[in-house]
**Student:** 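Below is a structure I'd like to ask you about.
Note that these values count all heavy atoms, side chains included, but never hydrogens, waters or copies made by symmetry. Predicted model only: the values in this text are computed from it and were never measured. A note on names: the letters A, B, ... follow the listed sequences, proteins ahead of strands, and every chain is numbered from 1.
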There are 4 protein chains.
Amino acid sequence: MKDDESKESKREIILHAAEKMFAGRRFDEVKLDEIAAAAGVGKGTLYLYFKNKEDLFAQMAVEGLDEMTERIRAIALMKLPFQERLFLFGREFSAFLARRQGVMRVMNQVQPAPVSKIFRRHLGRTIQAVHALLQKGMDEGALRRDFSVSELRCVLVGPILLKVRRETHEGEVIDLNALLNFFWAGAAEKKK
Amino acid sequence: MKDDESKESKREIILHAAEKMFAGRRFDEVKLDEIAAAAGVGKGTLYLYFKNKEDLFAQMAVEGLDEMTERIRAIALMKLPFQERLFLFGREFSAFLARRQGVMRVMNQVQPAPVSKIFRRHLGRTIQAVHALLQKGMDEGALRRDFSVSELRCVLVGPILLKVRRETHEGEVIDLNALLNFFWAGAAEKKK
Amino acid sequence: MKDDESKESKREIILHAAEKMFAGRRFDEVKLDEIAAAAGVGKGTLYLYFKNKEDLFAQMAVEGLDEMTERIRAIALMKLPFQERLFLFGREFSAFLARRQGVMRVMNQVQPAPVSKIFRRHLGRTIQAVHALLQKGMDEGALRRDFSVSELRCVLVGPILLKVRRETHEGEVIDLNALLNFFWAGAAEKKK
Amino acid sequence: MKDDESKESKREIILHAAEKMFAGRRFDEVKLDEIAAAAGVGKGTLYLYFKNKEDLFAQMAVEGLDEMTERIRAIALMKLPFQERLFLFGREFSAFLARRQGVMRVMNQVQPAPVSKIFRRHLGRTIQAVHALLQKGMDEGALRRDFSVSELRCVLVGPILLKVRRETHEGEVIDLNALLNFFWAGAAEKKK
DNA sequence: TATGAATGAGGCTTCATTCAT
DNA sequence: CATGAATGAAGCCTCATTCAT
């Protein structure tokens, strides 16, 4: 806690500044000058922490994604009824996306080759974690087995992604619980 | 019908070439040289039909969207049981997105200000058409009234978008009918 | 007199249109599109009458210059007192420059190599004609011999050029007769 | 004083390089590449000092003009007989024009709108200074009052401009003193 | 470690010129 | 003769990247 930057490392300061700049704008629209200015550092400093613009973009995108992945895995292992774990996931995932628009951005932008390599691997892990969560629900007898896990994942995550996008871009507010309830009503194994 | 381009206007040839080039790559990764070459025209010719690169991008994005909007409206008015209209919409919408990756691209990429103006208006109309379709289903007593139309739209369209993206980018195949059935099971008004 | 263009050949129509466009603007600021439009002909037509833009520019510049040269020569040979011939020259030269701004333009602009070849030769002839006029005045005993003809030419033509430029660009009006009287007072051989 | 550029700022180095390149050639004939090469800097560096090509052109034109204006004003105030001040002005003005061909260039070329704004204002000041000099001569009783100051200015400056142009473009040498003597003989107030 | 002045590769864009009609 | 759609060479300008300090 040497200066006013509290605990945040310079690397993270830059990433957060970049995330703000990239939100709502294309890769080519954001200049490194802007990012440096927003982060309050010199332009050259960016190159002390990142190989180049693509790398900065990729790391920003990945930033937090791993954290989310861990969180999903933790939720899956919790000692709670499956429905509660599912709703917890829904709330945290939605909040994560809303908070980290930069990640959304990259999820939505097409990945250029080199960025893609890094980002896809990390995103793949996140998807895998969701997959595992749903698989667990199935194994526990909480979810219907006549849908594939991929289908359930699609039906669960798709609406959440769309909701966040609508809220971010258009300001339309959509009730998360309604979406989760809809999913649960259709996906839960009927108790006999 | 001089050559193999049959009836297609030069403008459309360019747009289709552009769509192919923009698929899977960022705006700044695609060079006008490539587009011109792909369309089989000179670089300068692009400027006879489009103001600049942004404009070409925007028009490509809008291209076909209006057509889809009209199609949705037509489907809504068909003399078919609502479920059939719904499934027809699902199939056509999914096919449309898969076919016109360029539009998907722009739906996903963040729109720079000037492009956005144009694109949002057109996209808004498409969304409105889906909205109207669902509203009609509700009015006809085919859809449950305890979800808002916005929520239903989210739950219907979200999974389709995700499915197409997964298939396009990752090659994962997801069964469209499963998604539609899931939606219908949860959204259909229960006959007493 | 076939149509409404009276007698003027298409070539002259183009040259006059070009002169209007080049007045007050740099060579690179004037587009052939504009000239064609102003002349009411197609762009391709320009190339039926001129080799290229430089050539059109050069011919426009020369246009009328030869005519002026002939006029000066004629004035020199007139059976009038020298002073009257001198003042006549002054009035016609001034009027010519004011009327044909395009020529002024090129007189003032730096001549690019190929244009220069043509233009300098013609301008040289005009200057030569003025030179001959003054030489004649000297030979006739009307002009002082203690100034060189080049000096007298400078003192006569310089003020006229400046006058026209000021009037064209700044709207300042300067009395031509004052300039001519000044010259005559200083250059006329004193009668003993 | 690291290298041979002594004290000259990079901005001035560029302006002087530009002046050499623009001398005798049209605006569109000079490429920024050349100017950069001539100045010994990278192409991009030009844009650190000038907004664009037009701006560089304009600043080059104005460069030195202000200095000349100040010099004229200083000459006007000198404690010398008016004739000496006048001849001093003539010599310095002539030398200035010969030295700074770039300025001549722009004085002669027609100014495109944005350049013109800047240049005309500065040129106007120079003209005003000459005007003031002559006005002073009149007030001091050194110059005849039966010519307007504008007329005298025309008769004094016109020949100098033409002389410099002839010398620069055609290599014809004209005696400055002859021109100044001619002016003085015609413009000086006769002592009774 | 931090900077930002300098760079130059490369893209978008313009526009003189051509040529099929 | 006349046209104007098509072209592509070429230039201005941007901006990611470097490096001397």
**Student:** Which nucleotide in the set F:dT14, E:dC12, F:dT3 lies at the smallest distance from any side-chain heavy atom of C:Val41?
**Tutor:** F:dT3
**Student:** Determine the contact category for D:Asp33: base if any of its heavy atoms lies under 4.0 Å from a base atom, sugar-phosphate if only primed atoms, P, OP1 or OP2 are that close, otherwise nothing.
**Tutor:**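 Since no nucleic acid heavy atom lies under 4.0 Å of D:Asp33, the category is nothing.
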**Student:** Does DNA chain F take part in any stems of at least 3 consecutive Watson-Crick or G-U pairs (both distances under 3.5 Å), and if so, which ones?
**Tutor:**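 Detected stem regions: E:2-21 with F:2-21.
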**Student:** Report yes if a donor N or O on one partner sits less than 3.5 Å from an acceptor N or O on the other, where the partners are the side chain of D:Lys43 and the base of E:dT7; otherwise report no.
**Tutor:**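 In this structure, the two groups form no donor-acceptor pair.
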**Student:** If you look at every strand shown and take non-hydrogen atoms under 4.0 Å, does B:Asp28 touch a base, only sugar-phosphate, or nothing?
**Tutor:** nothing
**Student:** Is A:Asp28 salt-bridged to A:Arg26, going by a charged N under 4.0 Å from an acidic O?
**Tutor:** yes
**Student:** Taking the minimum atom-to-atom distance to the side chain of C:Leu48, which one of E:dT1, F:dA5, F:dT3 wins?
**Tutor:** F:dT3
**Student:** Has the side chain of C:Lys31 got a donor or acceptor atom sitting under 3.5 Å from an opposite partner on the base of E:dT14?
**Tutor:**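 Answer is no: no donor-acceptor pair is held.
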**Student:** For C:His16, which residues count as a side-chain contact (heavy atoms from CB on, under 4.5 Å) partner, sequence neighbours excluded?
**Tutor:** C:Glu8, C:Glu19, C:Arg100
**Student:** Write down the distance between OH (D:Tyr47) and C1' (F:dC15), rounded to a whole number of angstrom.
**Tutor:** 13 Å
**Student:** What contact category does D:Leu32 fall into here, base, sugar-phosphate, or nothing, at under 4.0 angstrom with non-hydrogen atoms?
**Tutor:** sugar-phosphate
**Student:** Tell me what D:Lys10 touches on the nucleic acid: a base, only sugar-phosphate, or nothing, going by heavy atoms under 4.0 Å.
**Tutor:**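 Result for D:Lys10 = sugar-phosphate.
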**Student:** CG of A:Asp55 versus P of F:dA16: gap in Å, rounded?
**Tutor:** 15 Å
**Student:** Send over the distance from A:Ile14 CD1 to E:dT1 C1', rounded to a whole Å.
**Tutor:**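 Rounded to whole Å, this separation is 12 Å.
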**Student:** Return the nearest nucleotide to the side chain of C:Thr45; candidates are E:dC12, F:dA2, E:dT3.
**Tutor:**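 Side chain of C:Thr45 sits closest to F:dA2.
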**Student:** Look at all strands and tell whether A:Tyr49 reaches a base, only sugar-phosphate, or nothing, counting heavy atoms closer than 4.0 Å.
**Tutor:**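 Sugar-phosphate contact only - A:Tyr49 comes under 4.0 Å of backbone atoms but never of a base.
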